Amino acid sequence: MAAAAVGTRKARTLAKVLALGRARPVAVDDIAETLWGDSPPARTADQVAVLVSRLRATLGRDRISFGDGGYTLHAEWLDLDAFDALADEAQRRFDAGSHAAARTAGAAALALVRGGLLADERDAPWL
């Protein structure tokens with residue numbers, strides 16, 4: 001999906017924050033801190049809800065839920081999870097002395113990376 005399809009930079013950042021939550025609720029206060037820092041808008045929860053609504057329009061209504069004081073992104077697969085699993089496998093194989101297999105697992109992990117990791121967030125304090 002193209003970044004432009006998600007909308008504004010704040011909406012894209014929200015999508016990233018929810019993805020990094022890895023299917024766990026991300027508190028509205030944490031989202032607000034990430035998006036606005038020390039200058040939150042009036043009615044912050046409402047502003048977060050508007051951004052979530054826009055993301056739901058793009059990703060699908062059932063992809064983002066609210067509960068336990070936060071929003072959760074539901075996805076069948078996240079390349080972040082797959083990357084971690086492959087990196088862990090590479091480390092295990094390397095530690096076991098199976099260097100060729102470690103290289104293969106590491107290469108598979110790196111193949112999941114498309115562009116810079118959170119490139120447009122490079123200097124973001126929340127990261």
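All heavy atoms count here, side chains included; hydrogens, waters and symmetry mates do not. Please read all numbers here as calculations on a predicted model, not as lab measurements. Positions are given from 1, in the same order as the sequence printed here.
Residue pairs satisfying the ring-ring contact (aromatic ring centres under 6.0 Å, His included) criterion with at least one member in residues 41-70, sequence neighbours excluded, are listed as follows: F66-Y71.
Side-chain heavy atoms closer than 4.5 Å link hydrophobic residues (I, L, V, M, F, W, Y) into clusters, and following such links, even through other members, never connects V50 to L35.
Nearest approach of E33 to D38, heavy atoms of both residues: OE2-OD1, 4.4 Å. When every heavy atom of P25 is checked against every heavy atom of G67, the shortest pair comes out as CB-O, 3.8 Å.
In this view, S65 and T72, H74 satisfy the side chain to side chain contact (heavy atoms under 4.5 Å, CB included) rule, not counting sequence neighbours. Under the salt bridge (charged side-chain N to carboxylate O under 4.0 Å, His left out) criterion, R63 pairs with E76, sequence neighbours left out. Residues forming a salt bridge (charged side-chain N to carboxylate O under 4.0 Å, His left out) with D68 (at least two apart in sequence, or on another chain): none. Partners of A109 according to the side chain to side chain contact (heavy atoms under 4.5 Å, CB included) rule, which considers only residues two or more places apart in sequence or in another chain, are F83, L86. Scored by the side chain to side chain contact (heavy atoms under 4.5 Å, CB included) test, D88 finds R92 as partners (sequence neighbours excluded). Checked against side-chain hydrogen bond (donor to acceptor under 3.5 Å, both in side chains), E89 has the following partners two or more places apart in sequence or in another chain: R93.
Using a distance-only test at 3.5 Å, with no hydrogens or angles considered, no donor-acceptor pair links the side chain of K10 to the main chain of L51. In this structure, T13 contributes its side chain and R9 its backbone to a donor-acceptor pair below 3.5 Å.
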Check: residues 39-46 side-chain donor-acceptor pairs under 3.5 Å, at least two apart:
{"from": "R43", "atom 1": "NE", "to": "D46", "atom 2": "OD2", "distance (Å)": "2.7"}
{"from": "R43", "atom 1": "NH2", "to": "D46", "atom 2": "OD2", "distance (Å)": "2.7"}
{"from": "T44", "atom 1": "OG1", "to": "P41", "atom 2": "O", "distance (Å)": "2.8"}

Residues 94-104, side-chain donor-acceptor partners within the protein, below 3.5 Å, at least two apart:
{"from": "D95", "atom 1": "OD1", "to": "Q91", "atom 2": "NE2", "distance (Å)": "2.8"}
{"from": "D95", "atom 1": "OD2", "to": "Q91", "atom 2": "NE2", "distance (Å)": "3.4"}
{"from": "T104", "atom 1": "OG1", "to": "A100", "atom 2": "O", "distance (Å)": "3.1"}

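Just one residue in the list V26, L55, L18, L14 forms a side-chain contact (heavy atoms from CB on, under 4.5 Å) with L73, and that residue is L18.
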